[in-house]
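What follows is a set of notes on a single structure, which appears directly below.
Note that the structure is a prediction, hence the values are computed from the model and not measured. Each chain gets a letter, A, B and so on, in the order its sequence line appears, and its residues count up from 1.
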Amino acid sequence: MATPARLSILDHPILALLGKLRTLPHVQQAHAHLVVSGLVRHSFPPSKLIQVLLSLPSTSSLPYAHLLLLHSPSPNLFSFNSLIRALPFPSSLLLFRGLLRSPLLLPNNYTLAFALHACCFCSSRAEGEQLRAQSLRRGLESSVFVHNVVIKMYSCLGLLQDARKVFDEMDERDLFSWNSLMAGYVGVGDVRMAREVFDDMPERDVVSWSTVIAGYVQEGSFTEAMELFREMQLAGARPNEFTLTTVLAACSNLVALEQGKWIHMYIDKAKIKMNDRLLAALIDMYSKCGDAESALRLFNSADNALKSSIRPWNAMLSGFAIHGLSEAAIQHFERMKMENIAPDKVTFVSLLNACSHGRLVDKGRLYFESMKSIHGIDPEIEHYGCMVDLLGRAGHLKEAEEFIKSMPVTPDTAIWSALLAACKIHRDTVMGDRIGKLVNNSEPENLGCQVLLANIYSSSGRWVDAKDVRKNMGITGRRKTPGCSSIELDGMFHQFFVGDRSHPQTKQIYLFLEEMYTKLKMAGYVPEIGEVLLDIDGEDRETVLSRHSEKLAIAFALMNTPPGTPIRIVKNLRVCGDCHHATKFISKVYERVIIVRDRIRFHHFEDGFCSCKDYW
DNA sequence: CTAGGGTTAG
């Protein structure tokens, strides 16, 4: 059959339309036309269709494009390259091998770069090595571009020495080379090396700064992250939405509300492009800095387009959960479903946490069941952990233990800690004893559980047993994380450890504490000395309690802020029973709102009451 | 008509 318009194929009226197609059904119609008209046998029309398909958001357009390529009688290199780039591993590499077998097409440097990039997802280096050899043979590796992909490939495989070697041997490096190497070090958790590379760079762009800042955040060095962000501004580099998302995460962790607010203002003022991650980071920052109202205001006023992403929803849900606003969390979740946002596993962690903090045992059970049956999400260990916490904390200790036995996954530290914590709350020393010993035998290095066990013993007066556990802990040679509370005052952070005497105002703080205790006792406060682990006299135990980091921080705040100012404290551990009890009295006696963020959630103390209703 | 680096909720 003769092709009627062989010479004027590019003038065919249908070709002008191909580039304008915007939906999958339209592409399918056009495809049918190409088949009927015979145009599908040429290389350009299917190539154009593939290009259009790859730009469509629909998830089925990628497999469709793949099939179109495989069925094209004369596909071009451009189509191969685009698809090798777009397909997931290992389809990408299979397509690349298919291309190598084709006698008509020779791979170019694009092809090799995309194929090398696919090797990031290989479990072994063999595939990548082979491709490198190939690119050398074809004389393609001389390009900086291909070298940079090789650096990334080695980094993805965790082979930083190899990545470094390629970098060192390059005779020409650009910003991408430096940034890829730094990202490689960050990826394997070696932020120190990343920083060294950063310091050696001849020039830096926003990605260079963001990469190291993100590295600090990932390893939990939030202060270093903030410091580098400050240096970035001094250097005159303009942060973008990536940078700010990361810096906001640092603010959240440091409870740096003032700096977080500054970033929010900066985003508006500098017209930083808002996206779902940045919005979620802002919501998270306000929540984690104790300002749940601002978080909600921001979420409610956010653009609907941004709320088609699950991130802002999850950030808000987690905010409700950590603030103990269980009913609001559940309403939020129901609203989410109404808006057709499909919940994911993160959603359920927050939702179950919210149920746990609100003692909503039945609701929690139902939601847990619905994960698999309605939403098709397999519960993971975190979700099982939430359930153990929910059941145990509400006093269903037996059920919690049975639940652990029936789990399809091996219980981890978090699960045992949740059960032990429940034993402590409900004073079940028999179960606590049994579980504690069980964990002790299988994981002797698990200090968290041993602390809990010692706590269980001492709160029931079994001093000898408590002492034994502590002695064993000493043998393992590691120390428990000390309690630490911090507070932001005029943009400066003040840290307090238990019995800390390092603060410049120590003398005044301790004097203030004595006076505070007198006032609290007059208002009816009785210390909960069962919280003290040590076998010492009652009066001394009271002294130990009075020097808990949280009380030092509150005393410092009361001394240094005007009456009526809310006090925001962040603790690295759970708040202890006595501190909780005392803080309620402090909020009443000193007429202050005190917001304490502990390791798990917030406590809002006001007028003698706490938002957790003494259930935490 | 295609390139390579950085964001990630509990």
- Item | Any donor-acceptor N or O pair under 3.5 Å, side chains A:Ser350, A:Ser318 | no
- Nearest of B:dC1, B:dA9, B:dT7 to any side-chain atom of A:Arg277? B:dT7
- Could you go through the side-chain hydrogen bond (donor to acceptor under 3.5 Å, both in side chains) check for A:Asn81 and A:Thr111 one step at a time? CA-CA 5 Å; A:Asn81 288 351; A:Thr111 324; 2.8 Å; yes
- Query: Roughly, in whole Å, what's the span from CG in A:Leu77 to P in B:dC1?
  - Reply: 15 Å
- Task: May I ask you to say what A:Asp284 touches in the nucleic acid, namely base, sugar-phosphate or nothing, with a heavy-atom cut-off under 4.0 Å?
- Result: sugar-phosphate
- Message: I need the CD1-P distance between A:Ile151 and B:dG4, as an integer number of Å.
- Response: 15 Å
- Enter the distance from A:Ser210:OG to A:Glu241:CD here, rounded to the nearest 0.5 Å. 9.5 Å
- Looking only at side-chain N and O atoms, does A:Ser82 come under 4.0 Å of OP1 or OP2 in B:dT2? no
- Message: Nearest to the side chain of A:Ser318, heavy atoms from C-beta on, is which of B:dT2, B:dT7, B:dG10?
- Response: B:dG10
- A:Arg85 vs B:dG4: side-chain N/O to OP1/OP2 distance below 4.0 Å: yes
- Using a heavy-atom cut-off of under 4.0 Å over every strand shown, decide if A:Val146 touches base, sugar-phosphate, or nothing. nothing
- Item | Polar pair under 3.5 Å, donor/acceptor by atom type, side chain A:Ser210, base B:dG6 | yes
- Query: At under 4.0 Å, does any side-chain N or O of A:Lys288 touch on OP1 or OP2 of B:dG10?
  - Reply: yes
- Query: For A:Thr211, which contact category applies under a 4.0 Å heavy-atom criterion: base, sugar-phosphate, or nothing?
  - Reply: sugar-phosphate
- Query: For A:Phe242 and B:dG6, are the ring centres under 5.5 Å apart with planes inclined under 30°?
  - Reply: yes
- Between B:dC1 atom C1' and A:Phe80 atom CZ, what is the distance in whole Å? 17 Å
- Message: Counting only side-chain heavy atoms from C-beta out, which of B:dT2, B:dT8, B:dG10 sits nearest to A:Phe114?
- Response: B:dT2
- A:Phe78-A:Phe44 aromatic ring centre distance below 6.0 Å: no
- Task: Using whole Å, report how far CE of A:Met285 lies from P of B:dG10.
- Result: 14 Å
- Query: Stepwise, does the salt bridge (Lys or Arg N to Asp or Glu O under 4.0 Å) test hold for A:Asp162 with A:Arg125?
  - Reply: CA-CA 11 Å; A:Asp162 298 88; A:Arg125 58 190 300 162; 2.8 Å; yes
- Message: Counting the atoms with a prime plus P, OP1 and OP2 as sugar-phosphate, which does A:Val206 contact under 4.0 Å by heavy atoms, base, sugar-phosphate, or nothing?
- Response: base
- Query: Checking only heavy atoms, does the side chain of A:Asn314 share a donor-acceptor pair with the base of B:dG10 at less than 3.5 Å?
  - Reply: no
- Note on the structure: Regarding the side chain of A:Val144, the nearest nucleotide among B:dA9, B:dG4, B:dA3 is B:dG4
- Query: Taking the six-membered ring for Trp, are A:Trp209 and A:Phe229 ring centroids under 6.0 Å apart?
  - Reply: no
- Item | Rounded distance (Å) that lies between atom C1' of B:dA9 and atom CD of A:Glu382 | 12 Å
- Name the closest nucleotide to the A:Asn240 side chain, picking from B:dG6, B:dT2, B:dG10. B:dG6
- Task: Measure from CG on A:Leu18 to C1' on B:dC1 and round the result to the nearest Å.
- Result: 13 Å
- Which of these nucleotides, B:dG10, B:dC1, B:dG6, is closest to any side-chain atom of A:Gln51? B:dC1
- To the nearest angstrom, the CZ-C1' distance between A:Phe198 and B:dG6 comes to 12 Å
- Item | Base of B:dT2 and ring of A:Tyr110 stacked, centres under 5.5 Å, planes under 30° | yes
- Note on the structure: Rounded to whole Å, the CD1-P distance (A:Ile84 to B:dG4) equals 14 Å
- Query: Reckon A:His117 touches a base, only the sugar-phosphate, or nothing at all at heavy-atom distances under 4.0 Å?
  - Reply: sugar-phosphate
